[in-house]
Student: 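A single structure is presented below for examination.
We name chains A, B, ... by the order of the sequence lines, and we start the count at 1 in each one.
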Amino acid sequence: MAEPSKPYGLIAEFDNTTDVLHAAEKVRDAGFRRWDVFTPFPIHGMDRAMGLKNSKVGWFAFLGGATGYTTGMLMIWWMNAVDYPILVGGKPMFSPFGAFPPSYELTILFGAFGAVFGMLFLNRLPRLHHPLLKHRRFAQVTHDKFYIVIETSDPKYSPDATRKLLEAAGARHIELVEE
Amino acid sequence: MAEVAANIPVPPTPPELMREPLVRNNRSFAWISDRVAAITEGKAPAWWWAAFIPSFALLCLLVAMLAYQISTGVGVWGNNHPVMWGWDIINFVWWIGIGHAGTLISAILFLLRQRWRTAVNRAAEAMTIFAVMCAGIFPAMHVGRVWFDWWLFPIPNFQGLWPQFRSPLMWDVFAVSTYFTVSVLFWYVGLIPDLATLRDRAKTRLRQFIYGVLALGWTGSNRHWSNYEKAYLILAGLSTPLVLSVHSIVSLDFAVSQLPGWHTTIFPPYFVAGAIFSGFGMVLTLLIPLRSMCKLEDIITMRHIDVMCKVTLATGSIVGYAYGMEFFIAWYSGSLYERFAFINRALGPYWWGYWLMIICNVVVPQLFWFKRVRHTLWVVFILSILVNVGMWFERFVIVVISLHREFLPANWGYFKPTWVDICTYLGTFGLFFTCFLLFLRFLPMIAISEVKGVTPQADPHHPLAKPNGGHHG
């Protein structure tokens, strides 16, 4: 941070979804790895244009849900049938039916935690300090502009050829972003 | 793929089959974020203060009432033998029911790919959260000694005693607290990209800092969007069984007991339909004035109002059917007590409550069959308020009328609310509207990024996406 001007990547600005989608396909086909598309809203078909695999968030939610259901059942069994059994109206000390509603709610609760925190973990968020967030044009990304950023650390990156590729893909404006 | 599609001639859609667009007047992406973010920027308009001051006064009234109740005891409420549940439980069920429309809009309509939901889901989810907050006050207070409320949760205490999970009241604790937590998570996840919009527009350091922290460093990266959309879909998938279960479990508080009028199997679906009915009533009550106050007519269009009226009509009809079916089963069961309970509803000392409920919940929504009614805003506004009056009386009928006549005539009584009951109820409106008005001023009341996503130009293959650039190849 103290040392000045280490390049982070090449940022290319686009005006519309059509151009950015096709530019993304070209960058994907050129074989880049450390690059990304930045958009104000998710664009339908962009995952395929970038060659992304299906998100893994589902596994986190599934693990959360399974944990929630098991926690609920075990907790109720242990509390009402083992640690302090009280007979109420001749009902069994533990019944999976009576224990189901709270366990069901815990399934949903922990599943939701899994989905949200899994998503944040996969996205490495929160991350309040990012080279792009300091870039003045990039503030438009949450407004109405679309960007492709190719990082300089990508093995295929070369200052001239990469810039040419983005120009040919229809970028309106290309700039180097500093770290 | 694109080439193949381009070679097949597609005839233009005939005008009579064209749907009214979700965002009118072909508004641009920039217009959407400018218009929605502007509500949170600049000085608060006069109407906002005009609404906020009385709301805040009512909130103070709520605080005073709760302080009085806690320091004196539950005796300040009208609850007494035989009506041991009074306005507290009526208000609890009423508020939590209102919340249900928010989750229906955000989760179920999302799974059903009803894209019109994007215009109203943010405000409806906010309504859910604040309504559940208002609801939560009543069960927490009605236990009498509120400082023991934590015994409801499985936290070790000095007696080594655990909550009793065979009771539906315990299920309710889990249902409502899960409902609140998941609603907040869902709402917040939806807010992240829009908080980033506010961060990037912020003019002052303070706004930059607060929205910056809340947006968690969102950059709009597509790799992030990919995980984000999956998480959102899963949350919608989890919230759908959640919202159906919450009011089902609330209804089990009644249905699991042996009391005539409560002990019915129809309660869970009937409560869920009623909840959605009342919630859509509240969404309409809130959004009809807001869309003109905030000049959002292009985003919350007449089509949106129209569809929400239709949902109100459908759920209102389900509720009407349930009322009829309850009467039928009371007769068909052959139980004298059941029959008495239902005849007493319609003709007993609280007949006026029953008929108010029937008029507001069964007769009034039938007016929504007429397009003229659905398209006259002031009529829709009045009807939407009547829906919630009716739904309040539905809970009054269920709670008070069922309780005031017991198996033993010696236990019969007549319930009257006290001034504390009334002021506490009014006070919850203060809490609700204070929170809602603060939400309007400090958070985007429309899901900016989602509305951008349903405009025609958001689709890369739509002719409007690239206005003057011929077809791509």
Student: Is a side-chain N or O of W171(B) found less than 3.5 angstrom from the main chain of E105(A), in a donor-acceptor match?
Tutor: no

Student: Are the side chain of T17(A) and the backbone of Q457(B) linked by a donor-acceptor contact shorter than 3.5 Å?
Tutor: yes

Student: Check G217(B) against L133(A) and note the closest heavy-atom contact, atom names and distance.
Tutor: CA-CD1, 4.2 Å

Student: Quick one: do Q164(B) and V88(A) satisfy side chain to side chain contact (heavy atoms under 4.5 Å, CB included)? Show the steps, please.
Tutor: CA-CA 9 Å; Q164(B) 210 277 90; V88(A) 180; 3.8 Å; yes

Student: Quick one: what part of L252(B) sits under 4.5 Å from any heavy atom of chain A, side chain, backbone, both or neither?
Tutor: neither

Student: Distance check, rounded to the nearest 0.5 Å: W162(B) atom CH2 versus N80(A) atom CG?
Tutor: 10.0 Å

Student: Is the ring pair H461(B)/H22(A) parallel, tilted or perpendicular, if the boundaries are 30 and 60 degrees?
Tutor: perpendicular

Student: Which atom names give the shortest non-hydrogen contact between A112(A) and V182(B), and what distance separates them?
Tutor: CB-CG2, 3.9 Å

Student: Considering only heavy atoms, which portion of A99(A) lies under 4.5 Å from any heavy atom of chain B: side chain, backbone, both, or neither?
Tutor: neither

Student: Tell me, yes or no, whether the heavy-atom count around H44(A) atom NE2, taken from other residues, nucleotides or ligands under 6.0 Å, exceeds 12.
Tutor: no

Student: Step by step, work out the side chain to side chain contact (heavy atoms under 4.5 Å, CB included) result for T219(B) and F138(A).
Tutor: CA-CA 9 Å; T219(B) 54; F138(A) 190 72; 4.1 Å; yes

Student: Return yes if some donor-acceptor pair links the side-chain N/O of S221(B) with the main-chain N/O of F38(A) below 3.5 Å, else return no.
Tutor: no

Student: Sort by residue number and list every member of residues 234-242 of chain B having a non-hydrogen atom under 4.5 Å from chain A.
Tutor: I234(B), L235(B), L238(B), P241(B), L242(B)

Student: Side chains of D36(A) and N222(B): donor-acceptor distance under 3.5 Å anywhere?
Tutor: no

Student: Do you know the tightest heavy-atom contact between F29(B) and H143(A)?
Tutor: CB-O, 3.9 Å

Student: So which heavy atom on A458(B) is nearest to which on F41(A), and how close?
Tutor: CB-CE1, 3.4 Å

Student: How would you list, in number order, the residues of residues 113-124 of chain A that have a heavy atom less than 4.5 Å from chain B?
Tutor: F113(A), A115(A), V116(A), M119(A), L120(A), L122(A), N123(A)

Student: With a 6.0 Å cut-off (strictly less than), is the heavy-atom count around CZ of F62(A), excluding the residue itself, greater than 12?
Tutor: no

Student: What is the minimum heavy-atom distance between S55(A) and S226(B), and which atoms define it?
Tutor: CB-O, 3.8 Å

Student: Where the side chain of W225(B) meets the backbone of T39(A), is there a donor-acceptor pair that is under 3.5 Å apart?
Tutor: yes

Student: Which atoms of L52(A) are under 4.5 Å from chain B, going by heavy atoms: the side chain, the backbone, both sets, or neither?
Tutor: side chain

